[in-house]
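Below is one structure, written out as structure tokens; the observations come after it.
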Amino acid sequence: AKRLVWVPHGDVGFVPASVKEDRAAKEELVVELEDGTRETVAKDDVQKMNPPKFDKVEDMAELTCLNEASVLHNLRDRYYSGLIYTYSGLFCVVVNPYRYYPIYSERVVDAYKGKKRHEMPPHIYAITDTAYRSMIEDRENQSILCTGESGAGKTENTKKVIQYLAVVAGTTAGKSTSSPLKLERVSTSSSLMSKTGMTMHQGELEQQLLQANPILESFGNAETVKNDNSSRFVRDGRLDNQ
């Protein structure tokens with residue numbers, strides 16, 4: 001059977017190869033790339049490859065060989081298939097497609113309501129629903145941290161979290177609840193702050209927060225190499241369920 005591995009590549013990070021010779025004395029391997037060329041590489045630079053059954057796996061914690069090459073390959077494979085969300089244990093990794101995906105409609109929101117994480121494909125809605133259900137059932141505060149480099153999609157995914165909470169908290173089994181959300185605080189590291197004591201039902205909360213974005217962005221956004229409109233401040237939002 002072929003022994004498949006990942007070997008470093010200057011342009012794409014890692015490429016697949018098959019081991020043709022093991023030079024144990026020199027700690028080297030002779031490998032053959034997909035185009036038929038052969039290379040000699042150090043054993044320490046080679047990373048193990050997972051069996052095909054793990055291709056496009058939804059949770060990378062399930063990978064038999066959890067290494068940098070396998071993680072990048074799985075994320076790339078899913079990304080090219082239009083799957084921008086992937087779990088890694090408790091975390092959800094998002095690859096910014098830099099274009100619109102029709103995966104944030106009311107129909108999709110409804111599909112994730114009350115579902116366990118493993119019952120639906122990876123999505124920011126699944127993370128948000130888990131936090132919301134834990135807050136309701138355990139009566140404990142919950143936090144969602146969106147982190148990443150400039151242009152990673154932190155701001156957009158934060159908006160999706162708010163969108164989902166505004167819808168889910170405003171309905172229970174298709175009926176309006178008497179427990180609306182209250183916006184407590186939206187602050188930034190630039191000391192920009194917006195406070196309101198208004199109580200808002202489904203739709204109003206989302207609209208209120210989205211209307212605040214242009215004001216915050218006019219003071220705190222700047223161009224970076226990867227993002228023409230990068231948020232150069234920290235959003236700290238708190239939603240109280242009353």
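Excluded from the calculations below are hydrogen atoms, water molecules and symmetry mates; all remaining heavy atoms, backbone and side chain alike, are included. Predicted model, so just to flag it, every value in this text is computed and none were measured.
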- prompt: Under 4.5 Å between side-chain heavy atoms, hopping through other hydrophobics if needed: is there a path connecting Leu33 to Val19?
  reply: yes
- prompt: Rounded to the nearest 0.5 Å, how far does NZ of Lys20 lie from CG of Leu29?
  reply: 13.0 Å
query: Any side-chain heavy atom of Val31 within less than 4.5 Å of one from Val41?
result: yes
- prompt: So how far is it from Leu83 CG to Leu75 CG, rounded to the nearest 0.5 Å?
  reply: 11.0 Å
task: Please report the shortest heavy-atom distance between Glu58 and Pro122, naming the atom on each side.
output: CD-CD, 3.6 Å
query: Does Lys113 reach the main-chain N or O of Asp129 with its side chain, forming a donor-acceptor pair under 3.5 Å?
result: no
- request: Please tell me if the side chains of Pro97 and Tyr79 come closer than 4.5 Å, counting only heavy atoms from C-beta onward.
  value: yes
Residue pair Phe54 / Met49, side-chain heavy-atom distance below 4.5 Å: no
query: Honestly curious: do Leu90 and Val71 fall in one hydrophobic cluster under the side-chain, below-4.5 Å linking rule?
result: no
- prompt: Are any of the side-chain heavy atoms of Glu140 and Ser134 separated by less than 4.5 Å?
  reply: no
message: If you compare all heavy atoms of Ala126 against all heavy atoms of Tyr87, which two are closest, and at what distance to 0.1 Å?
response: CB-OH, 3.1 Å
- request: Check whether any side-chain heavy atom of Val57 sits under 4.5 Å from a side-chain heavy atom of Asn50, and report yes or no.
  value: no
message: Working to the nearest 0.5 angstrom, can you tell me the gap between Met135 CE and Ser143 OG?
response: 11.5 Å
field: Shortest non-hydrogen contact from Lys56 toward Ser81
entry: NZ-OG, 2.9 Å
message: Less than 4.5 Å apart, side chain to side chain, heavy atoms only: is that true for Asp59 and Arg117?
response: yes
query: Do the ring planes of Tyr112 and Tyr125 sit parallel (below 30°), tilted (30 to 60°) or perpendicular (above 60°)?
result: perpendicular
Please tabulate, for side-chain N and O atoms in residues 6-13, each donor-acceptor pair with protein atoms closer than 3.5 Å (sequence neighbours left out).
unit_1	atom_1	unit_2	atom_2	d
His9	ND1	Asp11	N	3.0
His9	ND1	Val12	N	3.3

- prompt: Excluding sequence neighbours, so at least two apart, what forms side chain to side chain donor-acceptor pair (under 3.5 Å) with Glu21?
  reply: Arg23
field: Any side-chain heavy-atom pair of Asp55 and His73 under 4.5 Å
entry: yes
Residue pairs involving residues 39-48 (criterion side-chain hydrogen bond (donor to acceptor under 3.5 Å, both in side chains); sequence neighbours excluded): Asp22-Lys43
query: With sequence neighbours left out, which residue pairs that include part of residues 90-102 fulfil the side-chain hydrogen bond (donor to acceptor under 3.5 Å, both in side chains) condition?
result: Arg99-Tyr101
task: Flag yes if Val5 and Leu63 sit in one hydrophobic cluster, no otherwise; membership is Ile, Leu, Val, Met, Phe, Trp, Tyr, and two members link when side-chain heavy atoms are under 4.5 Å apart.
output: no
field: Inter-residue atom distance Lys115.NZ - Arg133.CZ, 0.5 Å rounding
entry: 11.0 Å
task: Let me see the working for Tyr104 and His123 under side chain to side chain contact (heavy atoms under 4.5 Å, CB included), right down to the final yes or no.
output: CA-CA 10 Å; Tyr104 305 105; His123 200 293; 3.7 Å; yes
- prompt: Going hydrophobic residue to hydrophobic residue with side-chain gaps under 4.5 angstrom, can you get from Val46 over to Val30?
  reply: no
message: Can you tell whether the side chains of Asp110 and Arg107 come within less than 4.0 Å, N to carboxylate O?
response: no
- prompt: If you group Ile, Leu, Val, Met, Phe, Trp and Tyr by side-chain heavy-atom gaps below 4.5 Å, do Ile144 and Phe91 land in one group?
  reply: no
- request: To the nearest 0.5 angstrom, please state how far the CG atom of Leu66 sits from the OG atom of Ser88.
  value: 6.5 Å
- request: Check salt bridge (Lys or Arg N to Asp or Glu O under 4.0 Å) between Glu156 and all other residues, then give those that pass, not counting sequence neighbours.
  value: Lys159
- request: Measure the shortest side-chain to side-chain distance between Asn157 and Tyr85 over non-hydrogen atoms and say whether it is less than 4.5 angstrom.
  value: yes
Listed partners of Thr86 passing side chain to side chain donor-acceptor pair (under 3.5 Å), at least two apart: Arg78
message: Is it the case that over 12 heavy atoms from other parts of the model lie below 6.0 angstrom from the CG atom of Asn141?
response: no
- prompt: When rounded to the nearest 0.5 angstrom, what distance separates CG in Leu165 from OG1 in Thr128?
  reply: 6.0 Å
Test side chain to side chain contact (heavy atoms under 4.5 Å, CB included) applied to Val94 and Ile124, step by step: CA-CA 9 Å; Val94 189; Ile124 188 65; 5.8 Å; no
